[in-house]
Amino acid sequence: MLAALTFATGVAALVLAAWCGFAAYRDQPTKDWHFIGMAVVSLLAVAQLIVGIVQLARGEQPEQGTVIFVAYLVGSAACIPAAGFLSLAERTRWGSVTVAAGAVVLAVLEVRLHDIWGA
């Protein structure tokens with residue numbers, strides 16, 4: 001795994017969590033700017049998914065198993081889009097809370113991906 005990409009994705013997820021958490025604090029739903037932020041974080045997660053699959057295809061192996069590694073990769077790529085869709089259904093402050101929680105989950109998944117790969 002690329003440590004820099006893992007770090008960048010985790011930090012971007014935490015920034016998104018703080019931003020949406022602040023919107024929830026101000027009693028605001030997710031807005032267009034939040035969705036742009038979600039798109040950026042999702043692109044980072046998809047880039048990491050692609051890098052992980054390429055590394056597996058080249059024969060590199062994670063220390064803790066390929067199946068769990070791929071499961072975490074797919075989960076991390078799907079985390080923010082799922083939270084974004086849920087926030088569209090809940091157009092209150094709780095939509096912002098949902099995205100903030102999803103972004104925190106993504107940051108934790110990034111740490112776990114780093115551990116599973118064994119870097």
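Nothing here was measured: the structure is a model prediction, and the numbers come from that model.
- Through side-chain heavy atoms spaced under 4.5 Å, either directly or across other Ile, Leu, Val, Met, Phe, Trp or Tyr residues, Phe35 is tied to Leu16, Trp19, Trp33, Ile36, Met38, Val41, Ile80, Phe85, Leu88, Val99, Leu106.
- Between atom CZ of residue Arg112 and atom CD of residue Gln64 there is a gap of 4.5 Å, rounded to the nearest 0.5 Å.
- Within the hydrophobic cluster formed by Ile, Leu, Val, Met, Phe, Trp and Tyr side chains joined at under 4.5 Å, directly or through other members, Val51 is accompanied by Leu2, Leu5, Leu44.
- Partners of Tyr72 under the ring-ring contact (aromatic ring centres under 6.0 Å, His included) rule, at least two apart in sequence or in another chain, do not exist in this structure.
- Inter-residue side-chain proximity for Gln28 and Thr92 is flagged as unmet; no heavy-atom pair is nearer than 4.5 Å.
- If you take CD on Glu63 and CH2 on Trp117, they are separated by 10.0 Å, rounding to the nearest 0.5 Å.
- The backbone N or O of Asp27 lies less than 3.5 Å from no partner atom in the side chain of Arg93, so there is not a single donor-acceptor pair.
- Applying the side-chain hydrogen bond (donor to acceptor under 3.5 Å, both in side chains) criterion to Thr98, with sequence neighbours excluded, gives no partner residue.
- Residue Glu110 holds its CD atom at 5.5 Å from OG1 of Thr6, rounded to the nearest 0.5 Å.
- Remark: the Arg26 side chain and the Ser96 side chain contain no N/O donor-acceptor pair separated by less than 3.5 Å.
- A donor-acceptor pair under 3.5 Å links the side-chain atoms of Ser87 to the main chain of Gly84, judged by distance alone.
- In terms of the salt bridge (Lys or Arg N to Asp or Glu O under 4.0 Å) criterion, residue partners of Arg58 (sequence neighbours excluded) are, by chain and number, Glu60.
- A donor-acceptor pair under 3.5 Å is absent between the side-chain atoms of His114 and the main chain of Val111, judged by distance alone.
- In terms of the side-chain hydrogen bond (donor to acceptor under 3.5 Å, both in side chains) criterion, residue partners of Gln61 (sequence neighbours excluded) are, by chain and number, Thr66.
- Here the CG atom belonging to Leu14 is positioned 11.0 Å from the OG1 atom belonging to Thr9, to the nearest 0.5 angstrom.
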